[in-house]
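Below is one structure; the comments refer to it alone.
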Amino acid sequence: MSASEMHLKWWFAASENGHVAGAGDVELTKTISRRDAQLIAAAPDLLAALESAVQWAAPMRDAPRDARPDWFNQARAAITKATGD
């Protein structure tokens with residue numbers, strides 16, 4: 001394995017709606033870059049930061065979508081993508 005790659009094994013069992021349901025009997029192995037591995041490691045902190053920013057700006061939720069700042073809509077879309085909600 002090169003210095004710029006890491007091997008990760010993901011075990012998952014997809015629920016009927018396609019979301020990750022937890023440890024299961026399907027194993028996938030994929031080689032990813034160090035940069036991607038660092039992003040995966042930071043993902044929980046990034047999600048928490050986005051959730052805090054959206055919570056801080058909660059009054060914007062009532063504004064029409066096109067009146068909200070782009071970052072607010074992008075943050076909400078990223079949270080939805082990350083959580084499956």
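No experiment lies behind these values; they were computed from the predicted model shown.
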Approximate separation, where rounding is to 0.5 Å, of Leu47 CG and Lys81 NZ: 13.0 Å
Exercise: identify the closest heavy-atom pair between Arg61 and Arg76: CG-NH1, 4.1 Å
Closest non-hydrogen atom pair, Trp71 against Ala57: CH2-CB, 3.7 Å
Approximate separation, where rounding is to 0.5 Å, of Ile79 CD1 and Glu51 CD: 5.0 Å
Val54 vs Met60, side-chain contact (heavy atoms from CB on, under 4.5 Å): CA-CA, chis, key distance, verdict: CA-CA 9 Å; Val54 168; Met60 287 186 210; over 6 Å; no
